[in-house]
Protein chains: 2
Amino acid sequence: MARYRRSNPLALAVLAQLWERPQHPYEVATTLRERHKDTSVKLNYGSLYTVVDSLEQHGFIEALEARREGGRPERTVYGLTEDGREELYSWLRDLIGQPVKEYPRFEAGVSLIGIIEPDEVVVLLRRRAELLRQEIDALGGTTEMLMEMGLPALSWIELSYRTAITRAELEWVEQLVTAIENDAIDGIEQWREWHSGDAPPGSIVSEKFSKKK
Amino acid sequence: MARYRRSNPLALAVLAQLWERPQHPYEVATTLRERHKDTSVKLNYGSLYTVVDSLEQHGFIEALEARREGGRPERTVYGLTEDGREELYSWLRDLIGQPVKEYPRFEAGVSLIGIIEPDEVVVLLRRRAELLRQEIDALGGTTEMLMEMGLPALSWIELSYRTAITRAELEWVEQLVTAIENDAIDGIEQWREWHSGDAPPGSIVSEKFSKKK
DNA sequence: GTCCATATATCCGGAAGCGAGTAACCCATG
DNA sequence: CATGGGTTACTCGCTTCCGGATATATGGAC
């Protein structure tokens with residue numbers, strides 16, 4: 001049997017659900033929705049069943065019963081195996097104990113930001129900042145709601161994380177806007193030149209990099 | 001022709017490279033490596049050629065020549081089309097102007113953190129914090145190196161972003177460690193109970209959520 | 001009693017992703 | 001001049017992902 005690759009975090013969420021009690025896939029999905037876990041783990045039905053099959057093939061979960069109630073589609077209830085429990089713990093420990101390189105879309109965008117002219121970048125970043133502020137507000141709202149429902153902080157701790165990271169991004173964006181506006185960025189002259197004249201795009205960076213060798 | 005889905009940021013990086021000048025895929029890859037862009041955009045050869053094919057099919061790039069030098073494998077040089085240039089700008093504007101929901105692995109881990117017992121979580125978070133500190137140091141080192149090479153700040157601006165975000169995560173982690181150690185988290189009593197006794201795992205959270213309905 | 005929207009539960013086929021493999025060249029070393 | 005390790009430039013085939021499609025049941029409106 002091929003080694004398990006731990007690619008899709010949805011598989012982790014499935015293990016976590018079955019750790020509480022046996023369930024059928026659709027039930028797992030609705031529970032995750034109910035608990036807002038689908039904001040931390042990408043959930044879509046297409047992937048769900050692929051992931052469940054894969055977990056079964058690796059012996060982490062097993063079909064307990066395939067019951068047909070009324071004329072509804074048959075539903076298969078899965079339970080966690082001992083191997084599955086161990087995989088759950090081990091995976092979770094890894095996830096928490098060791099940072100892994102991620103590739104957020106915005107970072108990709110930032111790394112190519114020179115392709116857009118500075119003045120437009122400022123406009124775009126302002127828009128982003130505004131949307132980030134809205135997001136932070138929304139996160140605060142959700143947090144309050146859950147608090148009023150009497151849920152322990154532990155059950156929505158990921159909201160606190162998300163808020164902290166979003167705040168940091170907002171600050172960085174605001175700071176960059178200021179820097180561009182005040183021409184306080186090294187290389188801004190060339191940046192403006194590329195876009196105002198007929199200099200071949202990106203040539204300066206290319207040359208500088210070539211020198212390196 | 002199916003609408004282009006902008007799924008893989010590697011496609012954006014390819015467009016950006018061809019925007020400077022026509023190149024063959026392998027050359028694109030090495031240039032991205034040389035400029036450290038492969039830390040912001042996931043690059044592997046398997047995906048590279050899939051992505052290039054897809055871009056060609058959508059008319060964003062076109063094959064200019066397929067030259068065979070010596071007995072080496074044939075290499076196809078691609079150039080950006082007008083549509084491709086527009087797609088590049090439009091995609092980049094979107095990426096910078098609008099935040100999109102992302103699903104970092106750590107957030108998934110955090111959302112399920114209750115499955116691990118509090119004392120072990122502290123150990124794990126300490127380890128993570130240490131590794132994050134090392135990462136921040138490494139980022140600083142790279143930045144200095146590039147600065148000494150005389151490259152304008154604009155060309156490694158993504159390092160500044162990554163540093164800011166990593167710092168924020170580190171602060172959050174450190175703060176959580178302190179909170180757990182001082183029992184300053186709402187719900188920590190239940191958390192400790194689940195793991196010290198025979199209470200059915202996760203039951204409290206489940207019940208509370210069920211109440212909601 | 002029947003119509004329609006919504007909920008339940010899963011399946012499917014095409015698209016995308018990815019690591020390992022291939023095959024020729026290049027250059028240094030003994 | 002044989003050998004072997006690195007570089008160049010892809011190619012292949014297996015997995016995974018994911019957006020609909022499907023098929024039935026339930027419940028309320030009229």
Side-chain angles (χ1 to χ4, degrees), chain A residues 1-14 17 22-34 38 41-58 60-61 63-78 100-103 105 108 213, chain B residues 1-14 17 22-34 38 41-58 60 63-78 101-103 213:
Chain A
M1 191 199 308
R3 219 178 79 259
Y4 186 61
R5 289 194 331 118
R6 290 185 184 173
S7 54
N8 195 344
L10 179 57
L12 180 72
V14 169
Q17 285 307 307
Q23 292 173 58
H24 54 99
Y26 188 82
E27 195 181 355
V28 168
T30 46
T31 312
L32 289 176
R33 286 253 157 80
E34 214 176 67
D38 60 330
V41 175
K42 192 160 44 178
L43 165 63
N44 64 48
Y45 290 103
S47 308
L48 178 62
Y49 290 88
T50 316
V51 149
V52 165
D53 282 354
S54 161
L55 286 174
E56 189 183 16
Q57 254 152 51
H58 285 87
F60 296 141
I61 66 178
L64 298 183
E65 43 172 345
R67 198 169 42 189
R68 178 182 296 274
E69 262 174 35
R72 285 189 213 169
E74 191 180 61
R75 42 183 223 182
T76 309
V77 175
Y78 291 90
V100 292
K101 187 54 211 94
E102 312 245 10
Y103 298 87
R105 322 292 268 209
K213 299 204 296 191
Chain B
M1 191 201 308
R3 221 180 76 258
Y4 186 60
R5 289 190 337 116
R6 289 184 184 172
S7 53
N8 195 343
L10 178 57
L12 180 72
V14 169
Q17 286 306 306
Q23 292 172 57
H24 55 100
Y26 189 83
E27 194 180 358
V28 168
T30 46
T31 312
L32 289 176
R33 286 253 158 80
E34 212 177 69
D38 61 330
V41 175
K42 191 160 44 176
L43 164 63
N44 65 48
Y45 291 104
S47 308
L48 179 61
Y49 290 87
T50 316
V51 150
V52 164
D53 282 354
S54 160
L55 286 174
E56 188 183 18
Q57 255 151 49
H58 284 86
F60 295 140
L64 298 182
E65 44 172 344
R67 197 170 40 192
R68 178 182 297 275
E69 261 173 38
R72 286 189 212 168
E74 189 178 61
R75 42 182 224 183
T76 309
V77 175
Y78 291 91
K101 224 275 148 253
E102 312 243 11
Y103 299 86
K213 298 206 292 189

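We name chains A, B, ... by the order of the sequence lines, and we start the count at 1 in each one. No experiment lies behind these values; they were computed from the predicted model shown.
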| request: Between A/Pro25 and B/Ser47, name the one whose nearest nucleotide on DNA chain C is closer to the 5' end. | output: A/Pro25
Please report, rounded to the nearest Å, how far the [atom2] atom of [N] is from the [atom1] atom of [X].
| X | N | atom1 | atom2 | answer |
| --- | --- | --- | --- | --- |
| A/Leu10 | D/dG19 | CG | P | 13 Å |
| B/Asp53 | D/dC10 | CG | C1' | 11 Å |
| A/Gln57 | D/dC14 | CD | P | 15 Å |
| B/Glu56 | D/dC10 | CD | P | 13 Å |
| B/Leu43 | C/dG17 | CG | P | 13 Å |

Does [X] have a side-chain nitrogen or oxygen under 4.0 Å from the phosphate oxygens OP1 or OP2 of [N]?
| X | N | result |
| --- | --- | --- |
| A/Ser7 | D/dC17 | yes |
| A/Asn8 | D/dT16 | no |
| A/Asn44 | D/dG19 | yes |
| A/Tyr26 | C/dT8 | yes |
| B/Lys42 | C/dC18 | yes |
| A/Tyr49 | C/dT10 | yes |

| Most 5' of A/Arg5 and A/Tyr45 on DNA chain D, judged by nearest nucleotide | A/Arg5
| task | For residues B/Ser54 and B/Tyr4, determine if any side-chain heavy atom of one lies less than 4.5 Å from a side-chain heavy atom of the other. | result | yes
| request: Please tell me if the side chains of A/Val14 and A/Leu55 come closer than 4.5 Å, counting only heavy atoms from C-beta onward. | output: yes
| Quick one: bend of the helix from C/dG1-D/dC30 to C/dG30-D/dC1 from 5 pairs per end, to 10°? | 0°
| field | Result of checking B/Val28, B/Thr50, B/Val41 against B/Leu10 for side-chain contact (heavy atoms from CB on, under 4.5 Å) | value | B/Val41
| Could you state the interatomic distance from CD (B/Gln17) to CG (B/Leu12), rounded to the nearest 0.5 Å? | 10.5 Å
| Atom of B/His24, atom of B/Arg75 and distance for their closest heavy-atom approach | NE2-NH1, 3.5 Å
